[in-house]
Amino acid sequence: MKIYLDSANLEDVSRALESGRIDGVTTNPSIIAREGRPFKACIEDILRMGPHLTVLAEVVSKSAAAMEAEARDLASLSAAIVIKLPCTAEGIAAARKLSGSGIRTTVTLVFSLNQAIAAACAGADFVAPFVGRLDDIDSDGIGLVRSIKETLVAHSMKTQVIAASVRSPFSVSRLFIAGADIVTLPYKLLGQMIQHPLTDQGMAAFERDWVKVPD
Ligand code: E4P
């Protein structure tokens, strides 16, 4: 199991790195736009801050050929980069082209099992189902992750599942039960994941009792 941070905010990245709990960072065009800085500068800063991190960067071109060229350019920044391609006909064609070329790919914006199957058959290293956006329209995001994982395992596919668009601590644990290999989280959820009132009460009791221990 791995946890990634779903943010390009350098303060979030720094705090998440200090927590020692992330193995990667995911971005998308909206996440990058929030930072108000050039795309490559954001990615390069994240790579510098966490040399052990896997960093997901998304292409914005429309045609498969342009996506492939953009992917090759982004991947030249570092071997830690994984290219995100949208789950469109062009994006999946680009994933097929890049598969086996040493450039790792994630097919993103996945909302159905058939989309995930198409991405896996094209040789994508990862698929990213958007759990929260499905839940938002009264669909079963966690159920989709379970179906994708079961199908990939049943057919011995190498493609791993990155659960994205995650909105609650409850979803995080359920996504891992459902078989997600990686769950990517906004910084706030990283903290919420390990909060428990009984841990706080237990710590307070230990502190109260510790002062009674004679020197
Ligand atoms: C991951 O990289 C996705 O792009 C991201 O989790 C989407 O989250 P949202 O649905 O909250 O925008």
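One-based numbering, in listed order, for ligands and for the atoms of each.
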Q.
Does K149, at its NZ atom, have more than 12 non-hydrogen atoms belonging to other residues, nucleotides or ligands within less than 6.0 Å?
A. yes
Nearest to [atom], what protein heavy atom do you find, and at what distance?
atom                    : value
atom 8 (O) of ligand 1  : S165 CA, 3.4 Å
atom 3 (C) of ligand 1  : F130 CZ, 3.4 Å
atom 4 (O) of ligand 1  : N28 ND2, 2.6 Å
atom 1 (C) of ligand 1  : D6 OD1, 3.3 Å
atom 12 (O) of ligand 1 : R133 NH2, 2.8 Å
atom 2 (O) of ligand 1  : K84 NZ, 2.6 Å

Q. Just checking, any donor-acceptor pair under 3.5 angstrom between side chains of D125 and Q160?
A. no
Q: Show your working on side-chain hydrogen bond (donor to acceptor under 3.5 Å, both in side chains) between E90 and S63 and close with a plain yes or no.
A: CA-CA 6 Å; E90 297 293 324; S63 72; 5.2 Å; no
Q: Search all heavy atoms of L53 against all heavy atoms of A80 and return the closest pair with its distance.
A: O-CB, 3.3 Å
Q: Just jot down the ligand 1 atoms closer than 4.0 angstrom to any heavy atom of A164, in number order.
A: 1 (C), 3 (C), 6 (O)
Q: Give the numbers and elements of all ligand 1 atoms closer than 4.0 Å to a heavy atom of T26.
A: 2 (O)
Q) If you measure from the Lys or Arg side-chain nitrogens to the Asp or Glu carboxylate oxygens, is any gap between R48 and E44 under 4.0 Å? A) no
Q. Below 4.0 Å from any atom of ligand 1, is there a heavy atom belonging to R167?
A. yes
Q. Are F130 and I83 connected, step by step, through hydrophobic side chains (Ile, Leu, Val, Met, Phe, Trp, Tyr) whose heavy atoms are closer than 4.5 Å?
A. yes
Q) Between R133 and F111, is NZ or CZ placed under 6.0 angstrom from the six-membered ring centre and within 45° of the ring axis? A) no
